[in-house]
2 protein chains.
Amino acid sequence: MARLAGVSTATVSRAISTPSVVSEATREAVFDAVRRTGYQINMTARNLRRRRTGAIVVMVPDLGNPFFSRILAGIEHVAAPAGFSVLIVDTKQPHAEEGQLFTYLHNTRADGLISLDGSLPRALLERLDGSNGLPPIVFACEWMAGGLFSKVVIDNAAGAAMAVRHLHRLGHRRIGHVRGPQGNVLTSARLKGTRAALKELGLRIVPEWFFDGDFSLQSGAEAARAWLALQERPTAVFCASDQMACGFISELSMEGYSVPRDVSVVGFDDIDIARRFIPSLTTIHQPRNDIGAEAAKLLIERIGNGKAAAPAVEEVLPVELVARESSGPVVPH
Amino acid sequence: MARLAGVSTATVSRAISTPSVVSEATREAVFDAVRRTGYQINMTARNLRRRRTGAIVVMVPDLGNPFFSRILAGIEHVAAPAGFSVLIVDTKQPHAEEGQLFTYLHNTRADGLISLDGSLPRALLERLDGSNGLPPIVFACEWMAGGLFSKVVIDNAAGAAMAVRHLHRLGHRRIGHVRGPQGNVLTSARLKGTRAALKELGLRIVPEWFFDGDFSLQSGAEAARAWLALQERPTAVFCASDQMACGFISELSMEGYSVPRDVSVVGFDDIDIARRFIPSLTTIHQPRNDIGAEAAKLLIERIGNGKAAAPAVEEVLPVELVARESSGPVVPH
DNA sequence: CTGCGCTTTGTAATCGATTACATGCTAGCT
DNA sequence: AGCTAGCATGTAATCGATTACAAAGCGCAG
């Protein structure tokens with residue numbers, strides 16, 4: 001390669017990575033040789049020397065969930081032009097136990113980490129911190145309590161409150177809620193927002209109207225069965241995810257109930273299908289693409305800073321209520 | 001590190017990557033040192049020496065499409081235990097022009113490649129081939145004509161024919177089709193299967209009943225508008241993707257039409273929401289997880305083979321019709 | 001004319017692991 | 001005892017780029 005261009009390897013390297021320091025003529029000669037041979041730089045060698053990996057890892061709780069795909073697209077969109085590859089790890093896969101995850105997190109594998117999973121084992125992060133192999137981490141959507149890490153999130157409690165107030169405005173006084181999975185930060189934030197809004201509006205808080213769920217379609221359907229089994233039913237239900245809302249409505253529909261006639265439903269996320277579901281879903285819109293993009297931007301900035309250990313930043317993106325057909329005025333029967 | 005364990009770097013390396021060749025005692029000493037220091041091997045250096053990258057690249061036409069997420073999960077599921085990181089590239093992102101893609105494909109970036117996108121620029125692959133930097137490639141779902149590459153696919157034409165025959169069995173004689181995007185291999189395979197089945201069954205093939213689409217929700221809705229505008233409407237429509245089927249039904253529903261009363265609809269893919277849509281979607285089920293897993297298996301095998309340049313393999317996975325509520329007997333009006 | 005400083009290029013060390021080759025040691029055989 | 005086979009380990013080269021340092025070439029000012 002260097003021989004072909006008639007210069008030393010050092011000059012070739014300079015021509016490629018710092019073109020401004022080599023003379024016009026040599027630069028041309030090198031580029032010419034590059035074109036002729038179809039030479040491609042060896043990233044592994046470059047990264048070894050530069051002591052970086054050129055990759056960022058994204059931890060996704062469940063790749064199968066369409067909620068995440070747009071966030072990934074947002075991340076990719078920012079990371080690729082900045083020269084970072086995006087490595088994806090599904091934290092809920094069976095092989096992804098602590099040991100495995102650990103090797104991913106370690107800085108010999110990636111320059112930085114975006115986690116969409118707020119329930120990474122605490123021990124893991126402490127181990128990382130201890131071995132000072134901790135790469136910069138940014139949480140997105142979900143996060144870990146403690147304020148140690150930067151995060152890009154939405155105001156979940158406010159979103160939940162918006163949903164409840166919307167239902168109240170429509171005349172609903174008996175409002176239920178389908179929770180997310182136990183122990184999840186989003187679950188508790190949305191639950192808290194829901195309770196706060198109910199209280200503020202002077203509405204009843206009835207334990208039987210709070211259904212278990214885990215964000216999935218299936219769990220929404222199960223919540224619907226629980227709703228059907230109630231003596232006194234809420235006239236409106238706020239689901240902590242659109243998927244659950246779809247499952248809820250779907251199951252009711254199979255039993256001959258109709259939304260919003262028999263019960264109003266509000267979801268959370270505004271996934272693509274929400275506006276095309278039947279009835280179209282009233283929901284809390286999250287800027288999924290922006291969440292990914294912001295998280296990537298933040299992370300890359302942090303990687304650039306070197307070991308500056310900047311204080312944790314918290315970015316809160318706006319949510320908004322999108323009123324569609326799944327919620328309507330309360331119907332006397 | 002080596003000093004801590006009281007041995008040479010060579011021995012440390014052997015203890016870690018070929019434990020069987022070092023003595024019991026030294027092995028223990030090394031592992032002990034590893035545990036105490038929290039040492040993590042530097043993948044970059046290892047990969048440089050081994051002349052591999054430890055990563056496989058997956059090219060996805062559109063990360064935002066939930067159809068792909070499960071395939072990715074399948075890939076990840078196989079790749080991670082085999083020691084490969086999964087790098088994801090969205091080929092439809094604006095920054096992903098030929099040059100960018102090229103650097104991804106090149107073997108200094110990844111040991112192999114799975115493409116879910118059958119419309120990679122031909123020039124790209126030729127360039128790769130020419131510069132003999134071509135890493136093993138496996139196509140999944142989509143593929144490129146020419147039989148040069150291994151692929152893991154389903155029998156799209158057969159799937160389409162199953163859909164048409166199903167509608168015929170229900171009494172439909174006027175059957176339409178919503179196509180996928182122009183120039184896509186899936187579009188043409190499914191179109192071909194549709195036409196072949198129509199012909200075989202002695203049904204009319206009416207150009208106005210073939211609607212343009214691009215697999216998206218939105219394009220399904222547009223097809224519905226086209227359907228509404230027809231003088232003589234088909235009583236059943238087979239959509240080349242579930243997303244389009246959902247968009248189609250949704251748009252009709254907004255106009256006061258109901259499925260399957262006014263028109264039967266069959267989709268393709270069996271995405272998660274299909275069984276929870278209202279009406280639940282009759283569709284052609286693809287084993288998405290298996291497609292990903294098989295593709296990864298095939299690719300990794302190929303990578304292991306070294307430059308053996310094995311002949312292209314074609315794996316065809318089974319599809320099946322899942323009859324649900326969106327298709328029903330033809331209703332006289 | 002000499003010398004300083006700037007630009008451009010080459011030499012060689014370096015990143016951190018792997019591995020070919022050499023060496024030392026032990027066991028087993030004659 | 002002497003010799004060989006084979007195991008365990010150390011030495012040093014290697015992967016392919018980057019970069020500190022040195023040196024060469026050139027222009028310009030004193």
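Order of the sequence lines sets the chain letters (A, B, ...), proteins ahead of strands, with each chain counted from 1. In this text, all values refer to a predicted model and were calculated from it rather than measured experimentally.
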Quick one: list whatever passes salt bridge (charged side-chain N to carboxylate O under 4.0 Å, His left out) with B/Glu314, sequence neighbours left out. B/Lys151
Expressed as a whole number of angstroms, how long is the span from [X]:[atom1] to [N]:[atom2]?
X       : N      : atom1 : atom2 : result
B/Asn47 : D/dG16 : CG    : P     : 13 Å
A/Glu28 : C/dT8  : CD    : P     : 14 Å
B/Glu24 : D/dT9  : CD    : C1'   : 16 Å
B/Met43 : C/dA17 : CE    : P     : 10 Å

If you define the side chain from C-beta out and look only at heavy atoms, does anything of A/Ile88 sit under 4.5 Å from A/Val57?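 No, their side chains stay 4.5 Å or more apart.
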Quick one: CD on A/Glu28 to CZ on A/Arg35, what's the gap to the nearest 0.5 Å?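 So the CD of A/Glu28 and the CZ of A/Arg35 are separated by 6.5 Å.
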Which heavy-atom pair separates A/Arg52 from B/Thr44 by the least distance, and what is that distance?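 So the two residues come closest at O-OG1, 4.2 Å.
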What heavy-atom pair brings A/Ile154 and A/Val316 nearest, and what distance separates the two atoms? C-CG1, 4.0 Å
Contact class for B/Ile41 vs. all strands (heavy atom < 4.0 Å): base, sugar-phosphate, or nothing?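 It contacts sugar-phosphate atoms only.
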At under 4.0 Å between heavy atoms, how does the protein contact nucleotides 9-15 of chain C? Give one character per nucleotide, 5' to 3', with B, S or -. BBB-BBB
Passes salt bridge (charged side-chain N to carboxylate O under 4.0 Å, His left out), A/Arg27 versus A/Asp32? Steps please. CA-CA 8 Å; A/Arg27 201 185 320 148; A/Asp32 217 59; over 6 Å; no
Where each residue is assigned the nucleotide of DNA chain C containing its nearest heavy atom, which of B/Thr18 and B/Thr44 is assigned the position nearer the 5′ end?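 By nearest-heavy-atom nucleotide position, the 5'-most residue is B/Thr44.
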